[in-house]
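Reviewing the structure listed below.
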2 protein chains.
Amino acid sequence: MNVQSLSDHSMAFPPTNQPPDTRSRILDAAARLFHEQGFNATGVSTILREAGVNPGSLYNLFPSKDALLAAVLERYTELLHPIVMEPVEKKTSDPIERVFALLQQYREWYSPLEFRLGCPIGNLALEVADSHPEIRPLIQQNFDGWSAYVRKWLDDAGDRLPRDLDRKQLAATVLTVMEGGLMQARSSRSAAAYDASVGQLRAYFDLLLARASAGRTQP
Amino acid sequence: MNVQSLSDHSMAFPPTNQPPDTRSRILDAAARLFHEQGFNATGVSTILREAGVNPGSLYNLFPSKDALLAAVLERYTELLHPIVMEPVEKKTSDPIERVFALLQQYREWYSPLEFRLGCPIGNLALEVADSHPEIRPLIQQNFDGWSAYVRKWLDDAGDRLPRDLDRKQLAATVLTVMEGGLMQARSSRSAAAYDASVGQLRAYFDLLLARASAGRTQP
DNA sequence: GCTCAATGATTGAACGTTCATTCAAGCACA
DNA sequence: TGTGCTTGAATGAACGTTCAATCATTGAGC
């Protein structure tokens with residue numbers, strides 16, 4: 001899989017072979033274009049063309065372009081598990097390796113494009129968080145979902161990590177590494193800064209694991 | 001100081017008391033508006049109004065809005081030392097504390113606004129890196145400048161840090177923490193994720209310092 | 001010290017395009 | 001016959017940009 005598709009994962013049950021409906025086509029095109037070009041740089045007319053839909057249909061389903069963006073972010077929240085987290089959890093059952101499998105997955109998604117695009121949530125976070133008060137909470141909701149998974153993994157690691165370690169703070173840091181590393185990778189069109197940051201996080205984990213291990217054998 | 005002003009730091013020598021010239025007024029207004037609203041969301045007409053300038057004057061100095069953005073980013077590069085790094089280096093001479101003074105300075109700049117705005121370079125990185133091929137290198141140039149300073153500090157720390165530590169990678173990670181932490185702070189309108197990430201980075205440094213110290217006394 | 005032509009910056013109305021959005025009319029299916 | 005989705009031309013506003021006219025400043029010639 002290259003970049004996530006929203007329409008390929010509609011929630012219809014039982015699954016149908018029918019062509020995706022208007023709403024899905026619009027959401028899919030909008031998500032892709034917002035990701036590729038940003039929100040402000042994407043015209044509604046482009047979304048209409050790519051979705052093969054007339055303006056009236058779009059505005060019948062979504063009252064405004066802003067509302068469409070909100071729907072895209074809602075969908076990102078819904079798809080966090082099936083698209084992002086399930087593949088990671090299937091790769092390994094080791095909770096700590098899951099953290100790095102997640103970071104590795106993002107690398108594999110974006111490095112083939114020389115780190116164009118970047119994280120769809122992160123991009124929107126910096127572009128519209130201030131100007132669209134009703135959108136910002138939806139971005140926060142996405143980040144909260146991501147860090148909740150990471151935090152659960154860190155909890156699952158139990159006493160392999162130091163007892164006094166704040167797992168919530170470490171989970172936030174994992175997201176930080178992902179987003180900050182991706183930003184630099186995008187600016188340089190190179191994986192170097194991303195890999196460097198993930199590597200330093202790995203070194204930090206190794207030191208934490210060693211410290212916890214020493215604490216267990218010699219308390 | 002709250003948020004950096006470009007025009008307050010023109011390079012004129014000897015310093016004059018004359019009102020800032022047209023070019024400076026335009027650059028100052030553009031930088032502020034790009035920071036506050038983003039590049040695409042800022043109309044040229046707004047820049048003209050805020051700078052108190054007519055379209056012809058702007059287009060006499062800058063061939064296009066894109067060229068104006070390029071000039072803003074060039075100016076950010078020029079001002080990196082006087083605005084960002086000099087205050088940090090004046091705060092402490094300890095090279096490792098300088099790293100955290102830098103992170104602290106960003107917190108102090110943006111937390112009074114509840115982390116609105118965010119990093120002016122980082123915002124532009126995610127908004128225009130893909131769509132403006134001539135701009136991306138200027139963003140990269142800014143990040144390179146930042147990480148060069150941090151890397152120099154890490155080098156200055158000498159054997160207080162482990163010999164086998166890759167200082168370039170750690171410098172990239174410091175930037176990662178800054179940008180990734182700020183992104184989450186902006187999304188949540190809270191310092192929590194930023195402070196968490198900086199705190200974890202501090203814990204990592206403490207472990208590195210302890211390891212290097214042990215390596216020195218017992219090689 | 002004065003005049004004047006030359007130069008470069010400034011003025012601001014106007015340009016064509018694209019923007020998000022509207023809505024009366026038409027359509028398919030109940 | 002009613003209901004809900006679709007059609008697509010049309011809307012006014014805002015977009016980045018242009019350019020002929022006007023202005024302020026300067027240096028050469030006397």
Side-chain angles (χ1 to χ4, degrees), chain A residues 7 10 12 16 18-73 124 127-128 130-135 138, chain B residues 7 10 12 16-73 124 127-128 130-135:
Chain A
S7 68
S10 65
T16 61
Q18 293 169 11
D21 63 4
T22 306
R23 192 184 146 88
S24 291
R25 289 211 315 281
I26 293 173
L27 277 177
D28 202 34
R32 200 185 70 252
L33 289 164
F34 291 164
H35 190 196
E36 288 173 1
Q37 319 186 12
F39 175 72
N40 287 308
T42 298
V44 173
S45 62
T46 310
I47 300 172
L48 296 171
R49 178 168 19 89
E50 303 269 306
V53 152
N54 291 108
S57 292
L58 190 150
Y59 281 91
N60 180 54
L61 291 163
F62 305 97
S64 68
K65 190 188 174 190
D66 288 1
L68 174 55
L69 172 61
V72 166
L73 282 164
L124 292 170
E127 191 179 0
V128 303
D130 290 343
S131 54
H132 292 68
E134 77 286 4
I135 299 291
L138 301 175
Chain B
S7 70
S10 64
T16 62
N17 283 337
Q18 293 169 12
D21 63 4
T22 306
R23 192 184 146 88
S24 291
R25 289 212 314 282
I26 293 173
L27 277 177
D28 202 33
R32 199 185 70 252
L33 289 164
F34 291 164
H35 190 195
E36 289 172 1
Q37 319 187 7
F39 176 72
N40 287 308
T42 298
V44 173
S45 63
T46 310
I47 299 172
L48 296 171
R49 179 167 20 88
E50 301 271 307
V53 152
N54 288 320
S57 292
L58 190 150
Y59 281 91
N60 179 53
L61 292 164
F62 306 98
S64 68
K65 190 189 176 191
D66 288 1
L68 174 55
L69 172 60
V72 166
L73 281 164
L124 292 170
E127 190 180 1
V128 303
D130 290 342
S131 54
H132 293 67
E134 77 286 4
I135 299 291

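It should be emphasised that the depicted structure is a prediction, and the values quoted were computed from it without experimental measurement. Reminder, nothing fancy here: chain letters follow the sequence lines and each chain counts from 1. Basis for what follows: all heavy atoms, side chains included, without hydrogens, waters or symmetry-related copies.
Heavy atoms of A:Thr42 sit under 4.0 angstrom from primed sugar atoms or phosphate atoms, though from no base atom. Within the 4.0 angstrom heavy-atom criterion, base atoms lie near A:Gly56.
Between the P atom of C:dA9 and the CZ atom of B:Arg25 lies a distance of 14 Å, rounded to the nearest Å. Note: CG (A:Asn60) to C1' (C:dA28) measures 15 Å, nearest angstrom. In this structure, A:Asn40 atom CG and D:dA14 atom P are separated by 15 Å, rounded to whole Å. Between the CG atom of B:Leu61 and the C1' atom of C:dG8 there is a distance of 11 Å, given to the nearest Å. At whole-Å resolution of the value, CG in A:Leu48 and C1' in C:dT18 are 13 Å apart. Summarising the geometry, the separation between CG on A:Leu58 and P on C:dC23 is reported as 16 Å, rounded to the nearest angstrom. Rounded to an integer number of Å, the gap from CZ of B:Phe62 to C1' of C:dT10 is 15 Å. Across the protein-nucleic acid pair, B:Arg49 atom CZ and D:dG16 atom C1' stand 15 Å apart, rounded to whole Å.
The nearest heavy atom of DNA chain D to B:Ser57 and to B:Lys65 marks one nucleotide each, and the one closer to the 5' end goes with B:Lys65. Residue whose closest nucleotide on DNA chain C sits further toward the 5' end, between A:Asp66 and B:Pro55: B:Pro55.
A heavy-atom distance below 4.5 Å is not found between the side chains of A:Phe34 and A:Leu73. The shortest distance between side-chain heavy atoms of A:Ile47 and A:Leu68 falls below 4.5 Å.
Distance from the side chain of A:Val44 is smallest to C:dT21 among C:dT21, C:dT11, D:dT7. Considering only the side chain of A:Thr22, D:dT6 comes nearest among C:dT22, D:dT6, C:dA13. The side chain of A:Tyr59 sits closest to C:dA20 out of C:dA20, C:dG12, C:dA9.
Remark: the backbone N or O of A:Gly38 is not paired with any side-chain donor or acceptor of B:Glu127 at under 3.5 angstrom.
The side chain of A:Ser45 places no N or O atom within less than 4.0 Å of a non-bridging phosphate oxygen (OP1 or OP2) of C:dA20. Taking only side-chain nitrogens and oxygens, A:Asn54 comes nearer than 4.0 Å to OP1 or OP2 of D:dG8.
The shortest heavy-atom contact between A:Asp66 and A:Ile135 is O-CD1, 3.7 Å.
For the atom pair B:Ser24 OG and B:Leu61 CG, the distance stands at 10.0 Å (nearest 0.5 Å).
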